[in-house]
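Reminder, nothing fancy here: chain letters follow the sequence lines and each chain counts from 1. Since this is a predicted model, take the numbers as computed values, not measurements.
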There are 2 protein chains.
Amino acid sequence: MTLSEENYLKAIYHLSDTFDGGISTNAIAEKMKTKASSVTDMIKKLSEKELVNYRRYKGVELTVEGKLVAANIIRKHRLWEVFLVEKLNFTWDEVHDVAEQLEHIKSEKLINQLDEFLGFPKRDPHGDPIPDKDGNVSNHTDVLLMTLNKNDKGIIVGVKDSSSSFLKYLDKQGIALGKKIKVIDKEPFDNSMKIRIKKEEFTISQQIANNIYIKK
Amino acid sequence: MTLSEENYLKAIYHLSDTFDGGISTNAIAEKMKTKASSVTDMIKKLSEKELVNYRRYKGVELTVEGKLVAANIIRKHRLWEVFLVEKLNFTWDEVHDVAEQLEHIKSEKLINQLDEFLGFPKRDPHGDPIPDKDGNVSNHTDVLLMTLNKNDKGIIVGVKDSSSSFLKYLDKQGIALGKKIKVIDKEPFDNSMKIRIKKEEFTISQQIANNIYIKK
DNA sequence: TTTAATTTTTAGTCTAGTCTAAAAAAATAA
DNA sequence: TTATTTTTTTAGACTAGACTAAAAATTAAA
Ligand SMILES: [Mn+2]
Ligand SMILES: [Mn+2]
Ligand SMILES: [Mn+2]
Ligand SMILES: [Mn+2]
């Protein structure tokens, strides 16, 4: 399993999460920031190894084996993110790029010991669930903040966008995982929301509300 | 800086430690388990980047810059080894291969935070000194156990051979870093030694004694 | 149901890093 | 000093992974 193969599997895994049916060559190319022709080549290779099912022009789907491999990489990525935040004082907007490297380190023992060392965390610093050794992911029943209505309450449990810029915005506004939130008002015109967190009220755009997960 | 370039620099650094003057193409090839022709190619590349000084047929030497890069990789290698042993319950014979991967992770912040997290250790689990950020290594004045004479005493502070098999042998014999050792007798015929560690006496071959560092 | 636009694949090229085989240089022996 | 052996470099080929340009297949529009 090369680094590149692993990254393709991970991309397909994430895309499968959002769209169902076969994942298109172009979608993968866009996510991987490569060209469609490169994707076709790699897909053939993964297909040879029975990590994906592929028929020309029909898109691609992970096999059971492929799904397991991908989930394992994501498991490593998220555990390392927890490590960086919990043990090495990284902020949640700094961890992703380093985790992109660390997720490719190969050692069963390393990752299982790390898991234990961190106290078997269930979620990473962005609220994303950490798959177990067998690739099982607790399918979270969380909803996007955007879907809440006036006077609804909930707890912030995750973010959809993990980009550094978005996370820094949240920090600035005092929006963090675990905080209680209440929707004070919702503007039908632009779908912006007035919300309350810890007695403080302020307005956020739809774009923001669309990237925050809430547990009701 | 690619992974391969880093590994070549590290190999040259280690070879420079043992031999002085230009390091030969063949020596590098042997250490890297590649062929001499591959080494020549890579050396040209490193020379372009001014990380080594190179004249055809004359061997190679690290530049100041090259030395710094190499020392930094070794710093990372050894800090990760400490982490694995101290925090993740690895044994000292298990850490090297994983550290070979981890040493290539690129993040200034990661390695400095790790250093702090580990309490700024001075040596790795095998007794090797950990270079500081500027590539300075405390040049240890330790001697090989082999060089001790009858009735000499000392403390075990390091190993020269870090292979898993050697380390496991030491574990079995109860030979560990920090232990006091006394030479009871030395056999001139085969240079084997009778030693005492914690009231236990036993005999070791020259090969063993040649791979253990002692502080007198 | 033709035609046009889009998507995907193929064909051919490039770079990094490796290899084998052969040539060139240096070191050693006669 | 010449011949032989060893070391190092060059030449040419291969693989993984990427790219561009062109061809083929599919989808959408007319
Ligand atoms: Mn991430
Ligand atoms: Mn994350
Ligand atoms: Mn090591
Ligand atoms: Mn070591």
For dA18(D), does OP1 or OP2 lie under 4.0 Å from any side-chain N or O of S4(A)? yes
Between C1' of dT18(C) and NZ of K44(B), the distance in whole Å: 15 Å
Do K87(B)'s NZ or CZ and the ring of F117(B) fall within the cation-pi criteria of under 6.0 Å and 45°? yes
Atom-to-atom span, CE of M42(A) to C1' of dT15(D) - whole angstrom: 12 Å
Between Q173(A) (side chain only) and L170(A) (backbone N and O only), is there a donor and an acceptor less than 3.5 Å apart? no
Taking OP1 and OP2 of dT9(D), is either one under 4.0 Å from a side-chain nitrogen or oxygen of Y54(B)? yes
CG of D41(B) versus P of dA11(D): gap in Å, rounded? 11 Å
It should be established whether Y8(B) places a side-chain nitrogen or oxygen under 4.0 Å from OP1 or OP2 of nucleotide dA16(C). no
A side-chain contact here means heavy atoms from C-beta on lying under 4.5 Å apart; do K31(B) and H14(B) qualify? yes
Are W92(B) and D171(B) linked by a side-chain donor-acceptor pair shorter than 3.5 Å? yes
For dT9(D), take OP1 and OP2 only and decide whether either is under 4.0 Å from a side-chain N or O of T25(B). yes
Short heteroatom pairs, N/O only, protein and nucleotides 20-26 of chain C, under 3.5 Å:
from    : atom 1 : to     : atom 2 : distance (Å)
dT20(C) : OP2    : K35(B) : NZ     : 3.2
dT20(C) : O4     : S37(B) : OG     : 2.9
dA25(C) : O4'    : Y57(B) : OH     : 3.2

For G135(B) and A71(B), the nearest pair of non-hydrogen atoms, with its separation, is CA-CB, 3.6 Å
Rounded to the Å, how far apart are N26(A) CG and dT9(C) C1'? 12 Å
Specify the separation, in whole Å, of atom CD1 of I23(A) and atom C1' of dT7(C). 15 Å
I28(A) CD1 to dT7(C) P, in whole Å, measures 14 Å
Starting at CD1 of I43(A) and ending at P of dA18(D), how long is that distance when rounded to a whole Å? 12 Å
Heavy atoms of M146(B) and K186(B) approach each other most closely as O-NZ, 3.0 Å
